[in-house]
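Here's the structure we're looking at; comments come further down.
Chain A is the first sequence line, chain B the second, and so forth, proteins listed ahead of strands; every chain is numbered from 1. None of the values given here were measured: they were computed from a predicted structure. Computed over heavy atoms, backbone and side chain alike; hydrogens, waters and symmetry mates excluded.
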Amino acid sequence: MQVIIHTNSNGGVSVTVPTGEISIQAVKEKDTPEGSIIVDDSTLPQGSDAQFFDAWELSGSTVSVNFEKAKAIKLAQFNSKAVEEAQKRQLNTLAGLENTPDNATWSASLTAGRASIASATTTAELVAI
Amino acid sequence: MAGVIVADTLQDGAGNSTAMDNAIYGSAKAWVNWNGASGASPTIYAAYNVSSVTRTGTGAYTLAFTNALVDANYAPVSGCNTDANNGGVVKLSGSPSGALYGKSTTALSIVACNSNNGSASDTNQLSIAIFR
């Protein structure tokens, strides 16, 4: 499938998909900024790389993943989930319920997870954390 | 064949009728249903009066109308599936914070969010219908 891509105001990549009501050339002229290019979506990052859309960068007609950005995104997601889990554990404590695993083990797992993110070398490794 | 039908009421063969205003103002002026979690690019399931869907960030999209609306006072109605682990909600803005509000006669920006923590999130079912 053909799509239209351009670098957006955040420095990332925007991907425009035509619905088919008008031609892709007409969409390019009407809906995307000057300098946008038409590519086949099979040339865009796939698999685990596709899961880090906000880390995509466009150079020429090639889109690739900025891995440092991907790691920062993964760390933010990891920390967000840690906060949610911490809130649940706090509620459990207030309700007199047992937290599983215990606090020390859970805290150690967070430290290990952050270390795994820091040492990851591929997006597949990041997804697996 | 081009032509104009002028009437105040629409009626079917069984005698069921409705005011013409219901057909004019009660029908969607644009709509689109797409998959935002289909990999590298969104997948459009079906659309009317929408020329394109642009993914601008995780969960963030701009819909462009094929034919411009009469003004930007239209009512967008949205729906979405949950993401992998949490409930989903669609915000009518260009970012989860709502800072980049985008609603014009030619385009509408929306962002799908995790209903638990408000972060942008993609799901496999996103729908927007525009009434005016």
Is the shortest side-chain heavy-atom distance between A:Glu98 and A:Asn92 below 4.5 Å? no
Tell me which of these, B:Gly57, B:Ala47, B:Ala46, has more heavy-atom pairs under 4.5 Å with chain A than the rest. B:Gly57
With no hydrogens and no angle check, just 3.5 Å: does a side-chain donor-acceptor pair link A:Thr16 and B:Ser52? no
Side chain / backbone / both / neither for A:Val27 at chain B, heavy atoms under 4.5 Å: side chain
Measure B:Tyr45 against the heavy atoms of chain A and call it side chain, backbone, both or neither at under 4.5 Å. neither
Just so I understand: if I count every heavy-atom pair under 4.5 Å between each of B:Ala64, B:Ser51, B:Ala107 and chain A, which residue has the most? B:Ser51
Nearest 0.5 angstrom please: B:Lys103 NZ to B:Leu69 CG, how far? 10.0 Å
Looking just at side-chain N and O atoms, do B:Asp122 and B:Thr58 make a donor-acceptor pair shorter than 3.5 Å? no
Check whether more than 12 heavy atoms from other residues, nucleotides or ligands sit under 6.0 Å from atom CG of B:Asp71, and answer yes or no. yes
Determine whether B:Tyr74 and B:Phe65 make a side-chain contact, defined as any pair of heavy atoms from C-beta on separated by less than 4.5 Å. yes
Measuring heavy-atom distances to chain B, does A:Val63 have an atom under 4.5 Å in its side chain, in its backbone, in both, or in neither? neither
Structural part of A:Pro18 lying under 4.5 Å from a heavy atom of chain B: both
Selection from A:Ala76, A:Ser9, A:Ser14, A:Gly47 maximising heavy-atom pairs under 4.5 Å formed with chain B: A:Ser14
With a 4.5 angstrom heavy-atom cut-off, could you sort out which part of A:Val17 is near chain B: side chain, backbone, both or neither? both
Examine whether an atom of A:Asp41 lies under 4.5 Å from a heavy atom of chain B, and if so say whether it belongs to the side chain, the backbone or both; otherwise answer neither. both
Where do A:Ala120 and A:Phe67 come nearest, in terms of heavy atoms and distance? O-CE2, 3.2 Å
